[in-house]
Amino acid sequence: RYARALYMAASEQGQTDRVGAELKEVSRAIFSDDSIRAFFCSPTVAAAEKQKVLGGSLSARLHEVTKNALYVLIDSGRFVNLPELVAALE
């Protein structure tokens, strides 16, 4: 469901390759470090705090569709599923 909506949003702007590459890179960076992964996947860390960290460190470099997808995953408590989302887009 998330992958389909994300693909549609990216393709409407002609940015499917860029968004896919950005999500893959973010996923690799976060899930390759146990402490960073624990922070973003923790249900005890507020979504606003996760968005603040993510937005501050990457916001200027990411396409708006990429940022929105990451924020939706954070808000819905499904950030742990980012690698599966990336795989579905490949």
Return the [atom1] to [atom2] distance between [X] and [Y], rounded to the nearest 0.5 Å.
X: Glu22; Y: Lys67; atom1: CD; atom2: NZ; value: 9.5 Å
X: Arg18; Y: His63; atom1: CZ; atom2: NE2; value: 5.5 Å
X: Phe40; Y: Lys50; atom1: CZ; atom2: NZ; value: 8.5 Å
X: Leu73; Y: Leu23; atom1: CG; atom2: CG; value: 8.0 Å
X: Ile36; Y: Cys41; atom1: CD1; atom2: SG; value: 11.5 Å
X: Tyr7; Y: Glu12; atom1: OH; atom2: CD; value: 11.0 Å

Check your understanding: Using 4.0 Å as the upper bound for N to carboxylate O, is an ion pair formed by Glu90 and Lys24?
Key ->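 The answer is yes: the pair qualifies as a salt bridge.
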Quick one: side chains of residues 77-88, donor-acceptor pairs under 3.5 Å with protein atoms, not counting sequence neighbours, listed by atom name and distance.
none

Review point. For the side chain of Thr66 and the backbone of Leu62, is there at least one donor-acceptor N/O pair under 3.5 Å apart?
Key: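 Answer holds: no.
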Review point. Which heavy atom in Asp75 sits nearest to a heavy atom in Ala47, and how many Å separate them?
Key: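 Here Asp75 and Ala47 meet closest at OD1-CB, 3.8 Å.
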Check your understanding: If Ile, Leu, Val, Met, Phe, Trp and Tyr residues are connected whenever their side-chain heavy atoms lie under 4.5 Å apart, and connections chain through other members, are Leu6 and Met8 in the same group?
Key ->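 No; Met8 is not reachable from Leu6 via cluster members.
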Check your understanding: Would Gln13 and Val65 count as a side chain to side chain contact (heavy atoms under 4.5 Å, CB included) if you check the C-alpha gap in whole Å, the side-chain angles of each, and the deciding distance to 0.1 Å?
Key -> CA-CA 9 Å; Gln13 296 185 28; Val65 171; 3.8 Å; yes
Practice item. With the side chain counted from C-beta on, respond yes when Ile30 and Phe39 share a heavy-atom pair under 4.5 Å apart, and no when they do not. Key: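 Sidechains of Phe39 and Ile30: no contact.
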